[in-house]
Amino acid sequence: MMDPKEIDHIGIAVDDLEAAIAYYQNTVGAKLVHREVIVSDKVEEAMMEVAESFLQLLCPTEPDSPVGRFLAKHGPGLHHLALRVDDCAEALDAFKTGGHRLIDETPRPGSRGTTVAFVHPTASFGTLIELVEERPSA
Ligand code: CO
């Protein structure tokens, strides 16, 4: 069984990143702590600190992308739950061993120098799960 350390962040798909940042700043006092375009995923993220955790606002850089397709199908809204783990490969193995459907068969680079892997929502009662390992850069 995997042993998550905390809920690392909650991913929210948005179609207007500037408006979404302003909304979370002005309503819940969220603090913008990081912005990054993840070229491989065709998405721009804005990490917003809220209390002791983070909201990850995700806006596609083009429609033909994972978040772009999500928006086309569902509209803006909750996209994924990210669990922080010590070892992404080991955590992914726990899902693999259970025979659960995966999106990533092996861990890959995420934003902020993290290592990540996604488990398919059909494995987790409709919620896309991201496993996040924050390995200090060598
Ligand atoms: Co995420």
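Start at 1 and go down the list; that is how both ligands and their atoms are numbered. In this text the structure is predicted, and so the values were computed from the model without any measurement.
Between the Co ion (ligand 1) and Ser111 there is no N/O/S contact shorter than 2.8 Å. At a cut-off of 2.8 Å, His79 is not counted among the residues with an N, O or S atom near the Co ion (ligand 1).
His80 has its side chain within reach of His9: a pair of non-hydrogen atoms, C-beta onward, lies under 4.5 Å apart.
Under a 4.0 Å N-O distance rule, the pair Glu130/Arg108 does not qualify as a salt bridge.
Here His80 contributes NE2 and Glu130 contributes OE1, and at the Co ion (ligand 1) these two atoms make an angle of 90°, given to 10°.
For the residue pair Gln56/His79, the side-chain donor-acceptor check at 3.5 Å is not satisfied.
In this structure, Glu6 places its CD atom where more than 12 heavy-atom neighbours from other residues, nucleotides or ligands lie under 6.0 Å away.
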